[in-house]
There are 2 protein chains.
Amino acid sequence: MRNNREERREGLRERLLAVTTARIESQGLSQLKARDITAEAGCALGALYTAFGDMDELVMRVNTATLIRMRELIAPVKGETPVARLQAQARAYIAFAMEHPRLWAALFEFQLSPERALPDWMQAEQEALMGLIAGPLAQVFPALPPEDLLIRVRIFFGAVQGAVQLALQDRFIAVPRARLDAEITALVEALCRGFAS
Amino acid sequence: MRNNREERREGLRERLLAVTTARIESQGLSQLKARDITAEAGCALGALYTAFGDMDELVMRVNTATLIRMRELIAPVKGETPVARLQAQARAYIAFAMEHPRLWAALFEFQLSPERALPDWMQAEQEALMGLIAGPLAQVFPALPPEDLLIRVRIFFGAVQGAVQLALQDRFIAVPRARLDAEITALVEALCRGFAS
DNA sequence: CCACAAGAATGAACGACGTTCAATAATAAA
DNA sequence: TTTATTATTGAACGTCGTTCATTCTTGTGG
């Protein structure tokens, strides 16, 4: 049975992914150890390397799954206007970040070795997430050529992401949820109104 | 001679700081090793721990020095209006980030263990850097109460920082320097005009 | 049902890392 | 010069990710 083999292999992969996701969510990326993961998953240390190339790949699989979860949350968000839609999307982003702070933090705490290439499947998901705001942004800036829109999307996404990150992980100035929502909503409004279309 | 002792001790500290700074700048934070640093500084491995508590403290000293360098570059920047000044400050920030990309990246790549407190001297320098934009921002938003201004400063700083970071470290969409300057200048303009004062 | 080849799982071993500390060397005091 | 104090040293330690010879399991042909 070829089937049986691949099923077992896939089962191990899924168990490892689930355990790793749970451990990142409960203790953070920095506390992640291969020995803890395999012990909790009920397999040998070396088994991890039969399912994934290395720890980096495992973490990137978890992060990609996180990006997918975020995309599935943000994609259906609607709005009466393109701007209202972008604002609602930003609030959905905040909601996820506050609900799963360590999973969300792992997205940027993880640093791939500089010489290694980002896997296609992760790059694709990053672009898919950014693609969610490309549509509304194209409506807000109808005169912008496609290649300029790519840059604008990144500036926009980076601005929202950076503001949320600084607000949420600042240890000294606690920003209440409602206040953060209001600030980021205003931020999106400002970006849409203020940029040259 | 008490003097002689402290001088030697301080000399070692400065040599280690200089070597660490140079190594971060040339190879990045991820390639930093205690053995390399002490070998290049001409001291024993253990000597590092007579000068600094651990590697984290050494890196935070370098990062704090980087924050100081940035502040010294940004502080004298003037502008005809508060908004123009903020824009010029943002461009100075970009200039530093592009001139010293790995030193700049080390500022957010470094992650202090969650249970450890950020040292006062680093927190103070972070606040000093943010304080540079508090003045102009207070002029732009004169009606904002002081405690709300603290939050606004963080949203503002985070947005610029996030946009620059995503633009500079994106491996697929290269944003030319002139274009980044223009985008961030527009971003600052939009933030100042768009937010409720 | 058995024997056997192919593949998967195992965990001891490896090398690299940050950190520690008993031993040594250097320095100031007597 | 002798002695007490302090600074420096680098071997050793514990922990980590990763590898790989060995063992066990599984699917197949007689």
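What's counted below: heavy atoms across the whole structure, side chains too, no hydrogens, waters or symmetry copies.
Pairs passing the salt bridge (charged side-chain N to carboxylate O under 4.0 Å, His left out) check and including a residue from residues 97-108 of chain B, sequence neighbours excluded, do not occur.
One atom, CD of A/Glu10, and another, P of C/dA8, lie 13 Å apart when rounded to the nearest Å. The CG-C1' distance, from B/Leu12 to C/dA26, rounds to 15 Å in whole Å. Atom CG of B/Leu16 and atom C1' of D/dT8 are 13 Å apart (whole Å). Separating the CZ atom of A/Phe110 from the C1' atom of D/dG17 is a distance of 13 Å, rounded to the nearest angstrom. If you measure from atom CD1 of A/Ile37 to atom P of D/dT18, you get 10 Å, rounded to the nearest angstrom. Atom C1' of nucleotide D/dT18 and atom CG of A/Leu58 are separated by 14 Å, given to the nearest angstrom.
In this structure, the side chain of B/Ser113 does not engage the main chain of B/Arg116 through any donor-acceptor pair within 3.5 Å.
The side-chain hydrogen bond (donor to acceptor under 3.5 Å, both in side chains) check on B/Thr21 picks up nothing, with sequence neighbours excluded. The side-chain hydrogen bond (donor to acceptor under 3.5 Å, both in side chains) test applied to B/Glu14 returns no partner, not counting sequence neighbours.
Between A/Phe108 and A/Trp104, the ring planes lie perpendicular to each other; the angle is over 60°, past the 30° to 60° tilted range.
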If you look only at distance, which donor and acceptor atoms sit under 3.5 Å apart when one is on a side chain in residues 59-66 of chain A and the other is two or more places apart or in another chain?
unit_1  : atom_1 : unit_2   : atom_2 : d
A/Asn63 : ND2    : A/Ala106 : O      : 3.2
A/Thr64 : OG1    : A/Met60  : O      : 2.7
A/Thr66 : OG1    : A/Val62  : O      : 3.0

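Checking each of B/Asp148, B/Leu132, B/Ile133, B/Leu144 against B/Val153 for a side-chain contact (heavy atoms from CB on, under 4.5 Å) leaves exactly one that passes, namely B/Ile133.
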*asked:* For nucleotides 15-20 of chain C, give me one character per nucleotide, 5' to 3': B if any protein heavy atom sits under 4.0 Å from the base, S if the only such contacts are to the sugar-phosphate, - if neither.
replied: --BBBB

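Remark: nothing in residues 17-28 of chain A comes within less than 4.0 Å of DNA chain D through any heavy atom.
Summarising the local packing, CD of A/Glu80 is surrounded by 12 or fewer heavy atoms from other residues, nucleotides or ligands at distances under 6.0 Å.
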